[in-house]
Each structure stands twice: as structure tokens, then as C-alpha cells.
Participant: 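Encoded as C-alpha cells, here's the structure I'll be asking about.
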Amino acid sequence: MLFSEHNFNNRNRQVGSIEVICGSMFSGKTEELIRRMRRAQFAKLKIEIFKPSLDNRYADKEVISHDSNSIHSTPINHSSAILLLSSDTKVIGIDEAQFFDDELPNVCIQLANKGIRVIVAGLDMDYQGKPFGPMPKLLAIAEHIVKVHAVCVQCGAPANYSYRFNDNKDIVLLGEKESYEPRCRHCYYNLPL
Ligand SMILES: Nc1ncnc2c1ncn2[C@@H]1O[C@H](COP(=O)(O)OP(=O)(O)O)[C@@H](O)[C@H]1O
Ligand SMILES: Cc1cn([C@H]2C[C@H](O)[C@@H](COP(=O)(O)O)O2)c(=O)[nH]c1=O
Ligand SMILES: [Zn+2]
């Protein structure tokens with residue numbers, strides 16, 4: 001099993017954990033997060049999903065995938081709000097984790113140590129191919145990691161990078177297909193054939 005849906009140990013204690021879903025844009029991170037959260041709902045577990053309030057691309061109170069799948073979420077300004085807003089919750093989902101503050105890994109540790117299953121989705125790299133925000137720390141502390149891949153729009157290979165085709169140099173620049181496309185290593189770095 002890639003991740004643990006049964007969060008009880010053999011002493012029947014509830015055991016928390018941290019799962020990370022990472023990859024480029026359009027790789028299916030949000031779809032995978034929604035899939036896992038829905039399965040937890042089917043298991044009648046109390047769930048909560050959080051996203052950074054700066055990511056208001058499609059909707060304020062929903063996480064929406066590029067395929068228009070959606071699930072209710074709570075926008076927050078700082079990761080510490082998750083600790084206040086998640087009483088009795090058994091499974092917590094966090095989308096667009098790359099935009100959160102550096103406290104997010106600590107918050108996830110506190111939640112997991114309380115027995116909560118924490119599922120985090122985010123871009124591992126920014127458009128420059130550099131580690132993005134708190135993602136490297138989250139990957140280091142996670143029990144379970146899955147890296148998903150989009151399809152390179154240039155050549156059809158699995159894509160690991162988010163290529164930005166405008167001149168804006170800010171690390172944070174919300175956008176979709178008008179500004180970004182997923183690319184494989186060859187096409188991202190324009191390597192010779
Ligand atoms: N180049 C592409 N490769 C893969 N999926 C793509 C591509 N372009 C659009 N999509 C769509 O994006 C969906 C994944 O969306 P989403 O889960 O929101 O991705 P992420 O959260 O990783 O950006 C796919 O199921 C597919 O419908
Ligand atoms: C690479 C990169 C992306 N962003 C922004 C663009 C989108 O608004 C989100 C990523 O969304 P997705 O669900 O993973 O498709 O992040 C950015 O601000 N800076 C970047 O370098
Ligand atoms: Zn390619």
C-alpha cells in the first residue's frame with residue numbers, strides 16, 4: 001500500500017502520518033488529493049481541507065482540479081490556523097502547500113503526532129526548477145511520498161517541470177495554461193536531441 005488508510009496500530013491507538021503528493025503543474029496533484037479525501041469520507045472520517053487564501057484562481061472555498069473536480073476547502077492566511085480549525089478531524093488535506101509559510105512542516109508534525117492523517121499536495125519546484133517554499137522540508141518529514149507527472153506538451157514524455165512562458169520573474173505568479181506548460185527535462189532545458 002502506498003499510503004496508510006488504516007491509521008490504527010496493533011495496540012489500537014490512532015496513529016497519525018504525513019503524506020506528500022508532489023509534481024509539476026497539471027500532473028494530477030489536486031485530483032489525487034481529492035481522491036484520497038473522498039475515500040476518507042466514504043470511511044465516515046471527519047475531514048478538512050485547507051488551501052492558502054492567496055490562491056483564489058477558481059473559487060474561494062473550493063479546491064478545484066484542472067479537470068474541474070472539486071471539494072470544499074477553507075482558505076487560510078497562515079499555516080497555524082490549521083491547528084485552530086481542525087478539532088475532531090481525522091484526515092486533513094492541504095493543497096498548494098508551496099505557497100504556505102515555513103511553519104507548515106511544524107504544523108503537520110503537531111497534527112500527525114495527535115493521530116491525524118495529513119495529506120499535503122504541492123509543487124516541488126518553481127518555474128526555475130528550484131525547490132518551492134516549504135516543500136523540501138515536507139518531503140523530508142513525510143512517511144509517504146508520491147510524485148505524479150503531467151504529459152510534456154512539447155514531446156509527450158512524462159513531465160517533471162513547470163515551464164513559464166512570460167517575462168515575469170516573481171516566484172509567485174498565479175496562472176494556468178496562458179502562462180505555464182508542463183515539460184520533460186529535455187524540453188524544459190532545451191537539450192540537444
Ligand atoms: N499536459 C497535461 N498533462 C497531464 N494532464 C493535463 C495536461 N494538461 C491538462 N491536463 C489535465 O489536468 C488534470 C490534472 O489536474 P490537477 O489535478 O489540477 O493537476 P495539478 O494539481 O497537479 O496541477 C489531468 O487529469 C488532465 O485532465
Ligand atoms: C511553477 C510556478 C507556479 N506558480 C503558480 C501557478 C499556479 O497558480 C500554481 C500551481 O497550481 P497547480 O495546481 O500545481 O497547477 O502555482 C507560481 O506561482 N510560481 C511558479 O514558479
Ligand atoms: Zn518533452
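As the structure lists them, so they are numbered: ligands from 1, and atoms in each ligand from 1. Just so you know, these numbers come straight off a predicted model, no measurement behind them. Positions are given from 1 along the sequence.
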Participant: Kindly indicate whether a cation-pi arrangement holds for Lys169 with Tyr127, taking the cut-offs as under 6.0 Å to the six-membered ring centre and within 45° of the axis.
Facilitator: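 Not satisfied by the 6.0 Å and 45° rule.
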Participant: Contact between ligand 2 and Gln128 is defined here as a heavy atom of the residue under 4.0 Å from a ligand atom; is it met?
Facilitator: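 The answer is no, since Gln128 has no heavy atom less than 4.0 Å from ligand 2.
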Participant: Counting from 1, what ligand 2 atoms have a heavy atom of Val172 closer than 4.0 Å?
Facilitator: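 Here the atoms of ligand 2 in question are 18 (O).
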Participant: Any idea which protein heavy atom is nearest atom 4 (C) of ligand 1, and the distance to it?
Facilitator: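 Ranking protein heavy atoms by distance from atom 4 (C) of ligand 1, first comes Phe26 O, 3.3 Å.
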Participant: By number and element, which atoms of ligand 1 are closer than 4.0 Å to a non-hydrogen atom of Val153?
Facilitator: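 Under 4.0 Å from Val153, ligand 1 has these atoms: 1 (N).
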Participant: Is there a donor-acceptor pair under 3.5 Å between the side chain of Ser179 and the backbone N or O of Gly175?
Facilitator: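 Checking the backbone N and O of Gly175 against the side chain of Ser179, no donor-acceptor pair under 3.5 Å is found.
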Participant: Starting from atom 1 (N) of ligand 1, find the nearest protein heavy-atom neighbour and note its residue, name and distance.
Facilitator: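 For atom 1 (N) of ligand 1, the nearest protein heavy atom is Val151 O, 2.9 Å.
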Participant: Could you check Lys51 against Glu62 for salt bridge (Lys or Arg N to Asp or Glu O under 4.0 Å), going step by step and ending with a plain yes or no?
Facilitator: CA-CA 9 Å; Lys51 67 173 189 177; Glu62 268 174 320; over 6 Å; no
Participant: Does a donor on one side chain and an acceptor on the other come within less than 3.5 Å for Glu176 and His66?
Facilitator: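 Yes.
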Participant: Any chance you could measure Leu138, atom CG, to Met135, atom CE, to the nearest 0.5 Å?
Facilitator: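 Going from the CG atom of Leu138 to the CE atom of Met135 covers 6.0 Å.
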Participant: Roughly how far, to the nearest 0.5 Å, is CE of Met37 from OG1 of Thr30?
Facilitator: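 So the gap between those two atoms works out to 12.5 Å.
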Participant: Which of these, Met25, Glu96, Arg164, has its nearest heavy atom closest to atom 13 (O) of ligand 2?
Facilitator: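 That would be Glu96.
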Participant: Check whether any heavy atom of Gly28 sits under 4.0 Å from an atom of ligand 1.
Facilitator: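 Yes; Gly28 lies near enough to ligand 1 that a heavy-atom distance drops under 4.0 Å.
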Participant: Using side-chain heavy atoms (C-beta onward) and a distance below 4.5 Å, is Asn69 in contact with Ile64?
Facilitator: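 They are not in side-chain contact.
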Participant: Is the shortest side-chain N to carboxylate O distance from Glu31 to Arg35 below 4.0 Å?
Facilitator: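 Looking at Arg35 together with Glu31, the answer is no, because their closest N to O distance does not fall below 4.0 Å.
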Participant: With a cutoff of 4.0 Å, is Cys152 in contact with ligand 1, counting heavy atoms of the residue only?
Facilitator: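 Contact check Cys152 vs ligand 1: negative.
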Participant: Determine whether the side chain, the backbone, both or neither of Ser24 has a heavy atom under 4.0 Å from any heavy atom of ligand 1.
Facilitator: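 Just the backbone.
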Participant: Closer than 3.5 angstrom, by distance alone: can the side chain of Asp101 be matched with the main-chain N or O of Ser79 as a donor-acceptor pair?
Facilitator: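 Checking the backbone N and O of Ser79 against the side chain of Asp101, a donor-acceptor pair under 3.5 Å is found.
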Participant: I'd like the name of whichever of Asp126, Leu173, Val63, Ile64 reaches closest to atom 5 (C) of ligand 2 through any heavy atom.
Facilitator: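 Shortest heavy-atom distance from atom 5 (C) of ligand 2: Leu173.
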Participant: Is the closest side-chain donor-acceptor distance between Arg183 and Tyr161 under 3.5 Å?
Facilitator: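 No pair is found: no donor N or O on one side chain lies under 3.5 Å from an acceptor on the other.
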Participant: Assess Cys155: does it contribute an N, O or S atom lying under 2.8 Å from the Zn ion (ligand 3)?
Facilitator: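 Yes, within the cut-off.
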Participant: Of the choices Gln154, Glu96, His66, which has the non-hydrogen atom that lies closest to atom 11 (C) of ligand 1?
Facilitator: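 Shortest heavy-atom distance from atom 11 (C) of ligand 1: His66.
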Participant: Please work out, at 4.0 Å between heavy atoms, whether the side chain, the backbone, both, or neither of Leu123 comes within that distance of ligand 2.
Facilitator: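 Answer for Leu123: side chain.
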Participant: Heavy-atom contacts with Gly175 under 4.0 Å: which atoms of ligand 2 show up? List them by number with element.
Facilitator: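 In order of number, 6 (C), 7 (C), 8 (O).
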Participant: Do Lys90 and Arg117 have side chains that get closer than 4.5 Å, going by heavy atoms?
Facilitator: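 Lys90 vs Arg117: side chains apart.
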Participant: Going by the order shown, which atoms of ligand 2 are within less than 4.0 Å of some heavy atom of Ser162?
Facilitator: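 Those qualifying, in numeric order: 1 (C).
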Participant: Identify, by atom number and element, the atoms of ligand 2 in contact range of Lys29, meaning under 4.0 Å from any of its heavy atoms.
Facilitator: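 Those atoms are 14 (O).
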Participant: So, do Val120 and Cys108 sit near enough that their side-chain heavy atoms are less than 4.5 Å apart?
Facilitator: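 With C-beta onward as the side chain, the pair touches.
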Participant: Find all atoms of ligand 1 within a distance of less than 4.0 Å from any non-hydrogen atom belonging to Ala150, and give their numbers and elements.
Facilitator: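 Close to Ala150: 3 (N), 4 (C).
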Participant: Of all the atoms in ligand 2, which lie at a distance below 4.0 Å from a heavy atom belonging to Phe99?
Facilitator: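 Counting from 1, the qualifying ligand atoms are 5 (C), 9 (C), 16 (O), 18 (O).
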Participant: Of all the heavy atoms in Lys177, does at least one lie under 4.0 Å from an atom in ligand 1?
Facilitator: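 Contact check Lys177 vs ligand 1: positive.
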Participant: Hey, looking at atom 21 (O) of ligand 1, which of Leu123, Leu33, Thr30, Ile64 has the closest heavy atom?
Facilitator: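 The nearest heavy atom belongs to Thr30.
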Participant: To the nearest 0.5 Å, how far apart are OG1 in Thr89 and CD1 in Ile47?
Facilitator: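 The OG1 atom of Thr89 sits 9.0 Å away from the CD1 atom of Ile47.
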Participant: Quick one: nearest non-hydrogen protein atom to atom 24 (C) of ligand 1, plus distance?
Facilitator: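 Ranked first by proximity to atom 24 (C) of ligand 1 is Glu31 OE2, 3.7 Å.
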Participant: Report yes or no: do Asn160 and Ser24 form a side-chain donor-acceptor pair below 3.5 Å?
Facilitator: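 The answer is no; no qualifying pair exists.
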Participant: Does Val148 approach ligand 1 within less than 4.0 angstrom via side chain, backbone, both or neither, non-hydrogen atoms only?
Facilitator: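 No part of Val148 comes within reach of ligand 1.
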Participant: Which ligand 2 atoms are under 4.0 Å away from a heavy-atom of Leu174?
Facilitator: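 Those atoms are 8 (O).
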Participant: Could you establish whether Glu176 and ligand 2 come within less than 4.0 Å of each other, counting only heavy atoms on the residue side?
Facilitator: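 Per 4.0 Å heavy-atom rule, Glu176 does not contact ligand 2.
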Participant: Just to be sure I read this right, does ligand 1 sit under 4.0 Å from the backbone of Ser65, its side chain, both, or neither, counting only heavy atoms?
Facilitator: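 The answer is both, backbone and side chain.
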Participant: So if I count the atoms of ligand 2 from 1 in the order they appear, which ones are less than 4.0 Å from some heavy atom of Ile171?
Facilitator: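 Contacts of ligand 2 toward Ile171, numbered from 1: 17 (C), 18 (O), 19 (N), 20 (C), 21 (O).
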Participant: Could you tell me whether Glu96 and Lys29 have a side-chain N and a carboxylate O separated by less than 4.0 Å?
Facilitator: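 Here Glu96 does not pair with Lys29 in a salt bridge, since their nearest N and O are not under 4.0 Å apart.
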